[in-house]
Number of protein chains: 2
Amino acid sequence: MIKKKQQLNPYISVDCVIFGFDSDRLKVLLIEREDHSLNTESTLALPGDLINNEENLNESANRVLKELTGLKNIYLKQIGAFGDLNRISKKDDKAWLQTVRTNPEARVITIAYYSLVKISDSNPKASSFATSAKWYNVEEIKALAFDHYDILRAALSQLRNEIIHQPVGFNLMPKMFTLGQLQKMYEAILNKKLDKRNFRRKILKLNILDATQEKETGVSHKPAQYFVFNKKNYNSLADTGFNNFGF
Amino acid sequence: MIKKKQQLNPYISVDCVIFGFDSDRLKVLLIEREDHSLNTESTLALPGDLINNEENLNESANRVLKELTGLKNIYLKQIGAFGDLNRISKKDDKAWLQTVRTNPEARVITIAYYSLVKISDSNPKASSFATSAKWYNVEEIKALAFDHYDILRAALSQLRNEIIHQPVGFNLMPKMFTLGQLQKMYEAILNKKLDKRNFRRKILKLNILDATQEKETGVSHKPAQYFVFNKKNYNSLADTGFNNFGF
DNA sequence: ATTATAGGTGTATATTTGACACTAAGTTAC
DNA sequence: GTAACTTAGTGTCAAATATACACCTATAAT
């Protein structure tokens, strides 16, 4: 494929809410703005960038993801467009834009995406638009730059809605996992306790989990069996719509 | 409120999928492009417009709706952003843009909304961006201008998903309606037959319908009782999430 | 008076949900 | 090495929900 010259579109950006799960808590990948000009405390932000005029919106989002995590072909879903006039109203945000944008006064509308990644596969690194990228506990985030906190809440709300209708959460899990870990993931996302036996009954009935012969080692309790995700069965189920699935 | 001078943003538009229900079929309000320059058959399109730089996205969508239907404060929900590079690839679309846009070559990303209106309340009329506006049967639409067919399908998919989780369909009904009409609306949206007795049991259990003393007149069968929508109960239910609702 | 049409109603069965308690297999602390 | 600790793993019963299904009623048209 021949690459055309890429030209930034100064009016439209993408922002990505990248979720991960560390076998205990739901995480989100945030960047820290380097703000030499101001001595304010640094504000965290969602990774994002202006789109190029020669790429589709989801290509832009994938580009941001790739640059930041090194990952391709990961679960990615559009949340929607955020374009309120006051989304760039905070003083610090304005000042920061002055330092990184050629057209800092432009009204920018952002298209938000959320994605689910296996933390173990990812390799967060600085990139053209981020001086540092780290995983944070979602529940501890109380404020973000611009309207990014709103976007994070919208992403979380959509993820919660999605995960009770189809088991997309497997995108957050390592290749092998125990049912206990999986349940913890659901509990972290939905922010509520689930009954162990009912959880197992329900998730196993879907027939998208294959038991392996391997067990946990080195844990100070009865070792749990490892399962793997059966993508084939998932796909055929996805067609029919996961009819009686939900937590 | 003081009105600022409104300036069109040439890169971002809103498009509205306006659904209605005529007590038999699901309808969508489409505009016909007047295309004097070409002798091609006219193509239908979703109503939409470039946004103004001084208005929020949903204000833009409401402006389009108001101009086209005369209605304010109607149910409106964002579907998402559509910005594929080839969304303005059809020859006729390009030619038409030449006639109505000052910057016809610009890459435009559109934010799509869908709304639910009572056909009886609406008064479709030509406006700055439409030479004619009429209701069409959703199921009969096979092609639209630009990527509007994709947007319509996305809107329908979102509406179907929404209506089985919360009874937003009341926005499509007249003030008084029969349970038969309501069931027909669900059947039209979901495109499947529902069992009459089960439907009534389910919808009445929600306690958001108040029976009136009035009945149908002039129908050649047993006249049905009219119901009205109880907004107060709906709102308190909406908070708790319509837990066991679905078709 | 007959016919055609949609309204209105109840029950029985199968399926799903939700609540609940003990034993098993490992590690750690003593 | 044994007691304490931790999470894994398992089944049942009751309540709620979903599904399937048939007949009489009130009106207009003929």
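Each chain gets a letter, A, B and so on, in the order its sequence line appears, and its residues count up from 1.
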What string of B, S and - do you get for nucleotides 21-30 of chain C 5' to 3' if you count protein non-hydrogen atoms under 4.0 Å? B--BBBS---
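To the nearest 0.5 angstrom, B/Leu209 atom CG is 15.0 Å from B/Tyr226 atom OH. For the atom pair CD1 of A/Ile74 and CG of A/Leu172, the computed distance is 10.0 Å after rounding to the nearest 0.5 Å. Here the OG-CG distance, from A/Ser236 to A/Asn230, works out to 8.0 Å after rounding to the nearest 0.5 Å. Atom CG in B/Leu65 sits 4.5 Å away from atom CD1 in B/Ile18 (nearest 0.5 Å).
Between B/Phe229 and B/Phe170, the ring planes are parallel. Angles under 30° get that label, and only those over 60° would be called perpendicular. The aromatic rings of B/Phe242 and B/Phe245 are tilted relative to each other, their planes meeting at an angle between 30° and 60°. Aromatic ring orientation, A/Phe146 versus A/His148: tilted (interplanar angle from 30° to 60°).
No side-chain N or O of A/Asn171 forms a donor-acceptor pair with one of A/Lys118 less than 3.5 Å apart.
Nearest nucleotide to the B/Thr178 side chain, out of C/dG7, C/dT17, C/dC20: C/dG7.
Residue A/Glu187 forms a salt bridge (charged side-chain N to carboxylate O under 4.0 Å, His left out) with just one option from A/Lys193, A/Arg160, A/Lys196, and that option is A/Lys193.
In 5' to 3' order, the nucleotides of DNA chain D bounding all contacts with chain B (an atom under 4.0 Å from a heavy atom) are D/dT17 to D/dA28.
The stretch residues 180-194 of chain A does not touch DNA chain C, since none of its heavy atoms comes less than 4.0 Å from the strand.
Going from atom CD1 of A/Ile203 over to atom C1' of C/dT17 covers 16 Å, rounded to whole Å.
A donor-acceptor pair under 3.5 Å is absent between the side-chain atoms of B/Ser23 and the main chain of B/Gln181, judged by distance alone.
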